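Worksheet for the structure shown next.
The shown structure was predicted, so the numbers you read here are calculated from the model rather than taken from an experiment. Because only heavy atoms are used, hydrogens play no part in the values below, and waters and symmetry mates are left out as well, while side chains stay in.
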Amino acid sequence: MSMASLSSSLMWFRKGLRIHDNPALEHAAKDSKFLYPVFVIDPHYMESDPTAFSPGSSRAGLNRIRFLLESLRDLDSSLQKLGSRLLVLKGEPSEVVIRCLKEWRINKLCFEYDTEPYYQALDDKVKNYAAVAGIEVFSPVSHTLFNPADIIKKNGGRPPLSYQSFLKVAGEPSWNSSPLSISPPCLPPVGNVGNSGNFEVPSIGDLGYDETEEGGTTPFRGGESEALKRLRESIANKEWVANFEKPKGDPSAFLKPATTVLSPYLKFGCLSSRYFYQCIQEVQRNVKRHTSPPVSLLGQLLWREFFYTAAFGTPNFDQMNGNRICKQIPWNDDDHLLAAWRDARTGFPWIDAIMIQLQKWGWMHHLARHCVACFLTRGDLFVHWEKGRHVFERLLIDSDWAINNGNWLWLSCSSFFYQYNRIYSPISFGKKYDPNGNFIRHFLPVLKDMPKEYIYEPWSAPLSIQRKAKCIIGVDYPKPVVSHDSASKECRRRLAEAYELNKKLKGVVSTEDLKTLKRKLEEGKNQESKSKKLKQKLIG
DNA sequence: GAACCGTTGCGCCA
DNA sequence: TGGCGCAACGGTTC
């Protein structure tokens with residue numbers, strides 16, 4: 001064996017916080033004398049921000065920060081079982097990694113490829129240094145089933161914008177012809193790291209957060225071990241896996257959620273999406289019949305791919321301005337309405353209960369997310385989807401840049417989906433699943449004694465009933481911020497006008513054009529209320 | 001240029 | 001539980 005092949009490797013963990021199906025880790029371990037497994041705590045995501053609307057950093061709530069630390073501890077413990085350990089450092093990641101490459105005389109740098117713009121920029125810096133220093137870089141695609149770049153190329157340079165066309169272009173994943181290796185790799189020891197730091201996984205307190213503070217109450221524990229346990233439990237019920245139909249799931253189920261809740265583990269890569277894919281396939285092979293994409297369980301994994309591909313192939317995917325697939329719509333900038341939504345004070349119990357579940361758990365059912373996203377944007381409040389996106393991005397434990405932005409584009413009828421007349425009712429949608437309002441009673445205990453006839457619209461309860469339920473509307477629980485009937489009608493009108501403008505200008509809408517439209521819409525609104533008043537006068 | 005389709009709307013009817 | 005009218009979008013396909 002030559003000197004060059006028996007080298008020191010650095011495995012840079014970012015997502016992909018797992019041992020199983022981790023090609024970067026395997027490559028780092030191969031033919032190496034020493035292996036340095038590194039995770040960098042990035043202040044960009046982790047630094048405490050006391051001005052944020054809830055405990056956490058400016059980009060992550062306490063629930064997700066805790067979930068990440070749990071995942072790191074689990075990874076460290078798995079590495080230790082293999083005779084290694086995790087080295088946790090703090091700082092701007094590209095600087096920290098470059099410093100490690102120098103100090104530890106690394107010959108080979110391995111990390112999972114990441115399609116997010118933030119990581120692309122970070123990776124470029126590190127790769128540039130490595131190229132100059134003559135360090136081998138191995139950066140495989142293993143977070144997703146497909147390489148988004150391949151699909152975009154196959155589709156003629158642009159990402160497919162409908163799910164069906166995505167499926168056609170994507171086909172079968174290339175690695176799927178044989179089972180993946182999921183047995184733990186043999187790891188070389190960690191080399192000398194000096195005594196300049198302790199490299200331990202920090203506690204939430206070490207990062208400057210108050211452990212006792214609200215916002216860290218999710219029932220879901222992070223880590224690969226937990227992910228694999230949850231995966232086994234989910235796929236053990238073969239009938240459930242085979243008959244899974246996403247739209248038929250109950251968004252109000254909280255004692256036993258209607259889905260796998262594997263999304264946070266996929267987000268951090270505690271679970272390999274490829275391994276999950278093969279496990280589902282294995283179940284499907286052993287049953288007579290099963291559901292298919294888009295509604296099946298496999299279909300859910302393919303939705304993830306769909307959004308990753310769209311996000312990778314669309315500049316400015318996370319904003320309206322400069323995003324070629326995003327309809328230009330004159331959303332409001334109403335911070336009061338935004339705050340009412342964010343802080344679960346809209347006065348619509350179904351909406352507010354979901355927002356409380358988001359705050360407490362960092363997770364809600366997909367359809368529940370639809371309801372609150374639609375309500376904030378095109379359904380009722382007409383607040384900019386980017387504002388809602390930011391709240392979800394901070395608070396969800398599974399928040400994923402591509403998927404979160406993709407779904408906000410979808411729900412706000414800004415891209416992918418355009419039938420803006422289909423609006424989720426904040427009153428009747430939840431009632432279908434949960435007529436007794438158990439979900440509301442659980443997350444909004446102030447309404448726990450409200451009779452089921454009124455629990456979805458408590459403002460309509462007679463005062464005697466409100467008194468009996470010990471919940472006076474306007475005192476103990478807010479009055480609704482808008483009337484759904486008139487607000488949703490107004491939203492439809494605005495969207496119709498905005499769509500017309502987008503069509504007329506072939507999607508090239510300037511901020512000036514939007515301002516003009518906004519003025520026109522305001523005038524229309526005033527005119528309408530004037531004529532209403534006039535009518536009332538005449539009737540009166 | 002038209003027909004068809006689209007992860008999951010609502011309210012009403014049978 | 002399933003089908004229809006509502007009103008009527010854009011992407012894809014022919």
Side-chain angles (χ1 to χ4, degrees), chain A residues 154-156 158-170 243-253 257-260 263 290-310 313-314 323-329 348 350-351 354 364-375 377-380 403 406-435 456-457 483-489 491-507 509:
Chain A
K154 262 201 219 169
N155 197 48
R158 291 211 172 185
L161 296 178
S162 79
Y163 186 79
Q164 293 307 328
S165 58
F166 172 85
L167 290 186
K168 254 185 231 167
V169 177
N243 297 320
F244 186 89
E245 277 185 77
K246 189 64 165 281
K248 293 208 173 146
D250 177 357
S252 71
T259 55
T260 61
S263 54
H290 59 79
T291 52
S292 299
V295 297
S296 65
L297 210 47
L298 224 46
Q300 305 315 298
L301 270 179
L302 292 162
W303 276 108
R304 181 172 177 267
E305 302 294 313
F306 172 76
F307 285 124
Y308 263 86
T309 308
T314 308
N323 180 345
R324 67 173 180 231
I325 68 166
C326 181
K327 287 255 179 290
Q328 304 298 303
I329 295 166
F348 290 91
W350 170 245
I351 300 299
I354 294 167
M364 315 91 97
H365 186 274
H366 190 62
L367 287 178
R369 300 181 193 201
H370 279 210
C371 288
V372 295
C374 178
F375 184 85
T377 57
R378 68 182 169 87
D380 291 84
I403 301 171
N407 276 305
W408 277 97
L409 284 163
W410 187 295
L411 262 301
S412 63
C413 280
S414 296
S415 196
F416 308 115
F417 176 80
Y418 306 97
Q419 283 161 285
Y420 56 78
N421 282 303
R422 296 188 182 172
I423 291 172
Y424 290 91
S425 162
I427 296 151
S428 51
F429 188 82
K431 213 185 268 181
K432 276 192 299 204
Y433 299 92
D434 181 14
Y456 284 88
E457 34 196 337
S483 142
H484 173 63
D485 284 342
S486 55
S488 60
K489 214 172 149 191
C491 284
R492 278 179 241 238
R493 187 180 75 90
R494 288 172 179 229
L495 273 169
E497 295 260 11
Y499 269 38
E500 206 183 293
L501 183 70
N502 276 265
K503 205 175 191 171
K504 201 176 91 190
L505 300 177
K506 297 190 167 67
V509 182

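- Going from atom CZ of A/R422 over to atom P of B/dC5 covers 14 Å, rounded to whole Å.
- Using the six-membered ring where Trp is involved, A/F429 and A/W350 have ring planes that are tilted, between 30° and 60° apart.
- Between B/dT7, B/dC10, C/dC9, one nucleotide has an atom nearer to the side chain of A/S425 than all others, and that is B/dC10.
- Listed nucleotides: B/dC10, B/dT7, C/dG11. Nearest to the side chain of A/W410: B/dT7.
- Atom CZ of A/F417 and atom C1' of C/dC9 are 9 Å apart (whole Å).
- Among the nucleotides C/dG10, B/dT7, C/dT12, the one closest to the side chain of A/Q300 is B/dT7.
- A/I423 places its CD1 atom 11 Å from the P atom of B/dG11, with the value rounded to the nearest Å.
- Distance check on atom P: B/dG1 versus C/dA7 gives 27 Å, rounded to whole Å.
- Here A/Y420 does not lie in a stacked arrangement on the base of C/dC9, lacking the combination of planes under 30° and ring centres under 5.5 Å apart.
- Counting any heavy atom pair closer than 4.0 Å across all strands shown, A/F429 reaches sugar-phosphate atoms only and no base atom.
- The backbone N or O of A/F244 lies less than 3.5 Å from a partner atom in the side chain of A/T291, making a donor-acceptor pair.
- Spacing between atom CD of A/Q164 and atom C1' of C/dT12 amounts to 11 Å, rounded to whole angstrom units.
- Distance alone, capped at 3.5 Å, places no donor-acceptor pair between the A/Y433 side chain and the A/P251 backbone.
- Nearest nucleotide to the A/S428 side chain, out of C/dC9, B/dG11, C/dT13: B/dG11.
- One can place CD of A/E245 at 14 Å from C1' of C/dG2, the figure rounded to the nearest angstrom.
- Taking atom NZ of residue A/K432 and atom C1' of nucleotide B/dG9, one finds them 7 Å apart after rounding to whole Å.
- Taking atom P in both B/dC5 and C/dG3, the straight-line distance is 15 Å, to the nearest Å.
- Here the side chain of A/E500 pairs no donor or acceptor atom with the backbone of A/L495 at under 3.5 angstrom.
- A/Y163 places a side-chain N or O within donor-acceptor distance of the main-chain N or O of A/G299, the cut-off being under 3.5 Å.
- Taking a pair as Watson-Crick or G-U with both hydrogen-bonding distances under 3.5 Å, the stems of three or more pairs touching DNA chain C are B:1-6 with C:9-14, B:9-14 with C:1-6.
- In this structure, A/K431 reaches neither bases nor backbone, as no heavy-atom distance under 4.0 Å exists between it and the strands shown.
- Checked against C/dG10, C/dA7, B/dT7, the side chain of A/N421 finds its nearest nucleotide in C/dA7.
- Not one side-chain nitrogen or oxygen of A/K503 sits closer than 4.0 Å to the OP1 or OP2 atom of C/dC9.
- Distances shorter than 4.0 Å separate none of the side-chain N or O atoms of A/S162 from OP1 or OP2 on C/dG11.
- Between A/F307 and A/F416, the ring-plane angle classifies as perpendicular under the 30° and 60° cut-offs.
- For A/P294, the side-chain atoms get nearest to B/dT7 when compared with the rest of B/dG9, C/dC9, B/dT7.
- Regarding A/F166, its CZ atom lies at a distance of 12 Å from the P atom of B/dT7, rounded to whole Å.
- Between A/Y499 and A/Y418, the ring planes lie perpendicular to each other; the angle is over 60°, past the 30° to 60° tilted range.
- In this structure, NE2 of A/H370 is placed 9 Å from P of B/dG9, rounded to the nearest angstrom.
- The backbone N or O of A/T314 lies less than 3.5 Å from no partner atom in the side chain of A/R324, so there is not a single donor-acceptor pair.
- Comparing B/dC10, C/dT12, B/dT7 by their nearest atom to the side chain of A/W303 picks out B/dT7.
- Under the 3.5 Å distance criterion, the side-chain polar atoms of A/R378 are matched with a main-chain donor or acceptor of A/R422.
- Here, C/dA8 and B/dC4 have their C1' atoms 14 Å apart, quoted to the whole Å.
- On the P atoms, B/dA2 is 22 Å away from C/dC6, given to the nearest whole Å.
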